[in-house]
Amino acid sequence: LGVNAAELIRAEQALGRIKKLAAIGSAPAKELERAKADAAIAKAEQARLQAVVDRAKWQLDHAAVRAPVDGVVFERLAQVGEFVSPEASDGKNAAIATLYDPSKIQLWADVNQRDAHRVKVGQRAEISLDADPGKLYAARVIRIQPRASLQKNTVQVKVAIENPSPMLRPDMSAKVTFFPADSLQANLNEE
């Protein structure tokens, strides 16, 4: 755009000189027409380039990606420079990253079907990580899947860690110990 601006100034100055010469009969009409055409072409190119710059600015303004929630990027699903759209081809929102909130770490535990009747929402639990076996984390059952897995002979139970450590990461292996449901009832009565 800057180079074109200089060309436009040069073309307009040349047109001005040729107009003065043509006014006194020292320049042929053909040269005057060529100078007018050169100035018009430079002006049109400036308008085209300005439109390109304006469009690029608009695209840049609309290229910012904002997450709907605070969190840490767990998995990047799009690469730098890749074209992404707010909507996927199947009509759903297109994901470019997976986030997790380190203050709200939860896990799914497989509970054997024969023991599933002893697990209740709100029940206290304790979690130990294979990566840090000496540390125990207090937790509570927040959901029990309504459907069992016939292949694994289990029911999935979602457990939320009450005071998660920054060391906890998604997909870490852990062991969950559920406190008896009797202790759940005693705690509910105390609260």
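Hydrogens, waters and symmetry mates are skipped; everything else that's a heavy atom, side chains included, is used. This one's a predicted model, so the numbers in the text were calculated from it and none came from an experiment.
At distances below 3.5 Å, at least one donor-acceptor pair connects side-chain atoms of Lys120 with backbone N or O atoms of His117. Looking only at distances, a side-chain donor or acceptor of Arg140 sits under 3.5 Å from a matching main-chain atom of Gly122.
By the 4.0 Å N-to-carboxylate-O rule, Arg34 lies too far from Glu31 to be salt-bridged with it. Comment: Lys135 does not engage Asp132 in a salt bridge, judged by the lack of any side-chain N to carboxylate O separation of less than 4.0 angstrom.
Considering every non-hydrogen atom in both Ala11 and Ala42, the closest pair reads CB-CB, 4.4 Å. Across every non-hydrogen atom of Leu77 and Glu75, the tightest pair is CD2-CD, 3.5 Å. Scanning both residues, Asp110 and Gln156, for their nearest heavy atoms gives OD1-CG, 3.2 Å. Closest approach of Arg76 and Ala78 over heavy atoms only: CG-O, 3.1 Å. Annotation for Gln145 and Val155: closest pair O-CG1, 3.7 Å, computed over non-hydrogen atoms. The nearest pair of heavy atoms linking Ala22 to Ala27 is N-CB, 3.8 Å.
In the model, Asp130 has a side-chain atom that pairs as donor or acceptor with a side-chain atom of Ser173 under 3.5 Å. Defined by atom type and a distance below 3.5 Å, a donor-acceptor pair is missing between the side-chain atoms of Gln46 and Arg48.
To the nearest 0.5 Å, the span separating CG on Asp70 from CG on Leu99 amounts to 9.0 Å. Here the CG-CG distance, from Leu129 to Leu168, works out to 5.0 Å after rounding to the nearest 0.5 Å. With values rounded to the nearest 0.5 angstrom, Gln113 atom CD is found 4.5 Å from Asn153 atom CG. Atom-to-atom distance recorded for Glu33:CD and Leu15:CG is 9.5 Å, nearest 0.5 angstrom. Within the model, atoms CZ of Arg169 and CZ of Phe74 stand 10.5 Å from one another, a figure rounded to the nearest 0.5 Å. We find the CD1-CD distance between Ile96 and Gln79 to be 11.0 Å, quoted to the nearest 0.5 Å.
Within a 6.0 Å sphere centred on CG of Leu150, other residues, nucleotides and ligands contribute 12 heavy atoms or fewer.
Note on Tyr100: it does not cluster hydrophobically with Val69, by side-chain heavy-atom contacts below 4.5 Å among ILVMFWY residues.
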Show your working on side-chain contact (heavy atoms from CB on, under 4.5 Å) between Gln123 and Phe178 and close with a plain yes or no. CA-CA 7 Å; Gln123 184 173 347; Phe178 295 96; 3.7 Å; yes
Any chance you could lay out the side-chain contact (heavy atoms from CB on, under 4.5 Å) test for Val121 and Ile142, step after step, and finish with the verdict? CA-CA 5 Å; Val121 172; Ile142 59 170; 5.6 Å; no
Can you check side-chain contact (heavy atoms from CB on, under 4.5 Å) on Leu107 and Val176, steps first, answer last? CA-CA 9 Å; Leu107 62 93; Val176 180; 3.6 Å; yes
CA sep, side-chain torsions, deciding dist, call: Ile161, Ile105, side-chain contact (heavy atoms from CB on, under 4.5 Å): CA-CA 6 Å; Ile161 301 170; Ile105 293 283; 3.7 Å; yes
Salt bridge (Lys or Arg N to Asp or Glu O under 4.0 Å) assessment of Arg118 paired with Asp115: CA-CA 6 Å; Arg118 297 193 296 187; Asp115 297 324; 2.9 Å; yes
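Residues satisfying the side-chain hydrogen bond (donor to acceptor under 3.5 Å, both in side chains) test with Asn163, not counting sequence neighbours, are none.
Val119 places a side-chain heavy atom less than 4.5 Å from the side chain of Val141. Residues Thr154 and Val111 form no side-chain contact, since every pair of their non-hydrogen atoms from C-beta on lies 4.5 Å or further apart. Contact check for Ser165 versus Tyr137: side-chain heavy atoms found under the 4.5 Å cut-off.
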